[in-house]
Amino acid sequence: MRYSQIFIPTLKEAPADAEIASHQYMVRAGLIRQLASGIYSTLPLGLRVIRKIENIIREEMDRIGGQEVFLPSIQPSELWKESGRWDFYGKELLRIRDRHDREFCYGPTHEEVITDLVRKEVKSYKQLPLTFYQIQTKFRDEVRPRFGIMRGREFMMKDAYSFHPDEESVNKTYDDMARAYSNIFERCGLEYKKVEADTGAIGGARSHEFHVLADSGEDEIGFCDICDFASNLELAQRRIPSETGEAENQDAKAIEEISTPGKKTIEEVTSFLSITPQEIIKTVIFESNAGLVAGLCRGDREINPIKLKKLLDCEWLHPADQSKQDDSIAYGYIGPIGLKLPMYADAEILQMPQAVAGANKTDCHLTGIYPPRDLSTIKTGDICFAKANDPCPQCDKGTLQVKRGVELGHIFVLGNKYSKSMKAHFLDANGKEQAMIMGCYGIGVGRTAAAAIEQLHDEKGICWPKSIAPFQIEVIPVNIKDEATVTAAETLYKTLTQNGIETLLDDRPERAGIKFKDADLLGLPIQIIIGPKTLQEGLVELRIRKSGGTLSIPLDQASEKAQKILTEL
RNA sequence: CGGGAUGUAGCGCAGCCUGGUAGCGCACUUCGUUCGGGACGAAGGGGCCGGAAGUUCAAAUCUUCUCAUCCCGACCA
């Protein structure tokens with residue numbers, strides 16, 4: 001492709017509303033342009049990257065027996081009412097009406113549509129299992145779109161759905177899918193992590209996310225520095241302290257009330273009493289469908305509502321709104337002794353040899369609490385977030401590292417949630433009617449491109465991995481007024497193109513500096529620079545974008561050499 | 001949905017406090033010189049200052065409302 005024939009509007013300066021590197025470079029390198037909040041146009045160069053990723057995904061999906069389909073993005077409300085999600089999904093679901101005033105939505109996901117398709121066509125176990133996938137635009141009316149294409153409202157997604165007669169079958173496809181995902185991200189040249197994930201409201205049995213580690217990521221990933229344990233921090237298990245026994249304290253003192261006027265926060269109390277947060281029991285009030293409850297943990301910990309909810313086994317739970325609660329709760333001075341609420345404690349507190357806690361009385365705290373003695377009746381469990389340097393919950397030796405990650409893929413075993421509510425039934429070998437078992441699997445395609453930039457860039461621009469680079473090689477004639485330069489560049493361009501190398505020839509009548517800056521910004525893996533000076537000696541310059549390394553090679557070997565280096569990249 | 005900020009030429013910004021009819025850099029057009037890391041000179045083109053209402057002789061500037069965009073948080077199959 002000639003630069004003069006492809007629209008690549010590069011920008012010298014980053015737009016003011018782009019915060020993170022990938023967003024800035026996607027705009028600056030002319031890959032995308034914004035239309036509205038969270039809605040972007042993809043330009044020719046950007047589309048080439050998207051297509052590359054799509055094709056890798058297609059190959060890997062096809063390899064595990066996935067069949068590509070293309071489902072409607074506009075979906076009738078009836079299906080969503082049937083699955084129960086018309087009400088449940090909330091404002092994220094963009095609802096629209098047609099001229100007959102019939103309700104539709106713009107699909108944020110396609111469980112309903114695919115389940116409807118399969119239930120109509122599949123009646124027998126002999127037709128199962130089935131795996132369908134599609135690559136298509138989704139719309140989710142996010143409250144707060146951000147980071148450009150990273151978290152858009154309209155976005156390109158590969159979604160796949162599988163249907164099975166039994167657990168064994170779904171688990172096999174799930175494992176295949178997990179391997180396919182690893183292959184995909186590997187082939188995209190990304191450093192990724194497969195992590196345990198929350199099944200969320202979907203409530204399936206198994207779920208993993210695929211994350212690319214990047215500081216701008218929105219999730220926190222905890223992983224062991226020794227074994228292969230990796231988990232989204234929102235659910236990462238901890239090594240439960242109670243397993244290692246309760247704290248012993250022969251000299252346990254009696255509980256004593258002390259005056260702590262105005263000292264409400266952990267910070268204020270620790271500095272006032274000259275103690276550490278590890279010596280404080282923090283008490284947090286939550287509101288749930290079972291009423292108000294209190295969660296207890298060590299002062300340096302944060303309670304994880306998801307874990308607490310599981311321990312309570314309740315429907316919903318969230319931190320109580322302090323402003324609207326009654327005066328019987330002394331906020332800032334809450335503690336487990338004498339609190340008239342159901343209490344749940346993190347098991348770690350039983351390891352505290354002595355503790356300070358609120359006295360449930362304004363301006364007072366209690367000291368000398370010995371949890372194994374004073375709080376033994378409280379139900380305990382793992383209700384806190386794991387954090388960096390916690391012992392690994394899987395192996396004996398490792399400690400937890402925490403890094404931020406961008407979620408590129410998510411796979412679920414769905415079970416029969418949709419097949420049941422939407423009556424996707426089949427007859428098994430015994431002639432018995434059963435609900436199909438389902439799995440669903442997603443990859444954010446545009447987000448993968450953004451994450452690649454996030455992971456592979458420098459101060460000059462993008463450094464594409466060759467597999468998803470819009471072109472592999474950029475040929476740069478330094479001065480197009482020099483006939484020999486142009487001839488050499490044209491010849492090399494033709495040779496490379498004929499050999500199937502996607503090559504961009506910068507044939508613009510621009511000065512060398514501009515071409516170099518743009519080339520670095522676009523980030524094609526290899527640049528071949530042709531100029532009059534070196535050409536006199538029959539040489540051209542080959543530059544590897546990522547390392548910045550250059551080497552002089554004879555013009556007549558340039559094509560061959562470049563192809564060789566490309567395969568080694 | 002709560003908090004914060006910003007809307008002035010394609011992009012980045014100044015002007016606003018202290019009202020007097022819009023400016024800088026880059027980009028763009030033409031000509032000349034230059035030509036291996038975002039050249040130089042000269043001459044140009046482009047903006048109802050996000051929108052509406054109000055105050056005023058006069059509004060980019062003051063007031064009110066509204067819309068949009070971004071950031072932080074809550075939320076997130």
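Just so it is clear: chains get the letters A, B, ... in the order the sequence lines come, proteins before strands, and each one is counted from 1. All heavy atoms count here, side chains included; hydrogens, waters and symmetry mates do not.
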Starting at atom CG of A/L35, determine the distance to atom P of B/rC70, rounded to an integer number of angstrom. 12 Å
Given A/Q136 and A/D159, is the side chain to side chain donor-acceptor pair (under 3.5 Å) satisfied, shown in steps? CA-CA 8 Å; A/Q136 196 221 28; A/D159 47 328; over 6 Å; no
For RNA chain B, what residues of residues 543-551 of chain A have any heavy atom nearer than 4.0 Å? A/R543
Where along nucleotides 1-6 of chain B does protein come under 4.0 Å, by heavy atom, of base (B) or sugar-phosphate alone (S), with - for untouched nucleotides? B-----
Base partner of B/rC57, which must satisfy Watson-Crick or wobble distances under 3.5 Å: B/rG20
Residue list, side chain to side chain donor-acceptor pair (under 3.5 Å) with A/R153, at least two apart or on another chain: A/D141
Mind checking who B/rA39 pairs with, Watson-Crick or G-U wobble, both distances under 3.5 Å? B/rU33
If I take atom CD in residue A/E142 and atom C1' in nucleotide B/rC72, what distance separates them, rounded to the nearest angstrom? 16 Å
Sugar-phosphate, base or nothing in reach of A/D482, heavy atoms under 4.0 Å: nothing
Under 3.5 Å for both donor-acceptor distances, Watson-Crick or wobble: does B/rA68 have a partner, and if so which one? B/rU6
Between B/rC70 atom C1' and A/F147 atom CZ, what is the distance in whole Å? 11 Å
Listed pairs, N/O of protein and of nucleotides 25-35 of chain B, under 3.5 Å:
unit_1 : atom_1 : unit_2 : atom_2 : d
B/rG25 : N2     : A/E13  : OE1    : 3.4
B/rU34 : O2     : A/R511 : NH1    : 2.7
B/rC35 : O2'    : A/N479 : ND2    : 2.8
B/rC35 : N4     : A/K481 : NZ     : 2.8

Holding to ring pair (Phe, Tyr, Trp, His ring centres under 6.0 Å), I want the full list of residues that pass it with A/W464, two or more places apart in sequence or in another chain. none
Report the C-alpha distance between A/K138 and A/H110 in whole Å, list the side-chain angles of each, state the deciding distance to 0.1 Å, and finish with yes or no for side chain to side chain donor-acceptor pair (under 3.5 Å). CA-CA 9 Å; A/K138 301 273 184 276; A/H110 282 71; 3.2 Å; yes
Sugar-phosphate, base or nothing in reach of A/A18, heavy atoms under 4.0 Å: nothing
Tell me the interatomic distance from A/E218, atom CD, to B/rG73, atom C1', rounded to whole angstroms. 12 Å
Touch class at under 4.0 angstrom, heavy-atom based, for A/Y441 against every strand present: nothing
Protein-nucleotide distance (A/I8, atom CD1; B/rG10, atom C1'), rounded to Å: 18 Å
With respect to the phosphate group of B/rG36, does any side-chain polar atom (N or O) of A/T534 fall under 4.0 Å of OP1 or OP2? no
Ring pair (Phe, Tyr, Trp, His ring centres under 6.0 Å) filter on A/F210, not counting sequence neighbours, yields A/Y181, A/F185
Send over the distance from A/F139 CZ to B/rC76 C1', rounded to a whole Å. 15 Å
Among residues at least two apart in sequence or on other chains, which ones pass ring pair (Phe, Tyr, Trp, His ring centres under 6.0 Å) with A/F163? none
Pair A/N232, A/E209 - check side chain to side chain donor-acceptor pair (under 3.5 Å), show working. CA-CA 8 Å; A/N232 195 317; A/E209 291 168 348; 2.8 Å; yes
Atom pairs and distances, donor-acceptor, side-chain atoms in residues 404-411 of chain A, under 3.5 Å, two or more places apart:
unit_1 : atom_1 : unit_2 : atom_2 : d
A/R404 : NE     : A/G217 : O      : 2.7
A/R404 : NH2    : A/G217 : O      : 3.4
A/E407 : OE2    : A/H410 : ND1    : 3.1
A/H410 : NE2    : A/S207 : OG     : 2.7

Whole-Å distance, A/M150 CE to B/rC70 C1', equals 16 Å
What nucleotide, of B/rC76, B/rU69, B/rC71, holds the atom closest to the side chain of A/S37? B/rU69
Regarding the side chain of A/Q34, the nearest nucleotide among B/rA77, B/rU69, B/rG37 is B/rU69
More 5' along RNA chain B: A/G38 or A/K533, using each one's nearest nucleotide? A/K533
Rounded to whole Å, the CG-P distance (A/L11 to B/rG38) equals 18 Å
Ignoring hydrogens and angles, does a donor from either the side chain of A/R140 or the base of B/rA77 sit under 3.5 Å from an acceptor on the other? yes
Looking only at heavy atoms, what is the nearest atom pair of A/V69 and A/Q134, with distance? O-CB, 3.1 Å
Considering only heavy atoms, which members of residues 151-158 of chain A lie under 4.0 Å from some atom of RNA chain B? A/R151, A/M157
List the atom pairs, with distances to 0.1 Å, where a side-chain N or O of residues 534-542 of chain A and a protein N or O form a donor-acceptor pair under 3.5 Å, not counting sequence neighbours.
unit_1 : atom_1 : unit_2 : atom_2 : d
A/T534 : OG1    : A/G531 : O      : 3.4
A/T534 : OG1    : A/L539 : O      : 3.1

Assess the residue pair A/N171 and A/R206 against the criterion (side chain to side chain donor-acceptor pair (under 3.5 Å)); give the C-alpha distance rounded to whole Å, side-chain angles, the decisive distance to 0.1 Å, and a yes or no. CA-CA 9 Å; A/N171 281 329; A/R206 304 173 69 189; 3.0 Å; yes
Ignoring hydrogens and angles, tell me if any N or O in the side chain of A/K282 forms a donor-acceptor pair with the backbone of A/R301 under 3.5 Å. yes
How are the rings of A/H208 and A/Y174 set relative to one another: parallel (under 30°), tilted (30 to 60°) or perpendicular (over 60°)? tilted
According to the Watson-Crick and G-U wobble definitions, with both distances under 3.5 Å, which nucleotide is paired to B/rG47? none
Would you please name every residue forming a ring pair (Phe, Tyr, Trp, His ring centres under 6.0 Å) with A/F147, sequence neighbours left out? none
Under 3.5 Å, side-chain donor or acceptor atoms of residues 3-10 of chain A against the rest of the protein: list the pairs with distances, not counting sequence neighbours.
unit_1 : atom_1 : unit_2 : atom_2 : d
A/S4   : OG     : A/D507 : OD1    : 3.2
A/S4   : OG     : A/D507 : OD2    : 2.6
A/T10  : OG1    : A/D518 : OD1    : 3.1

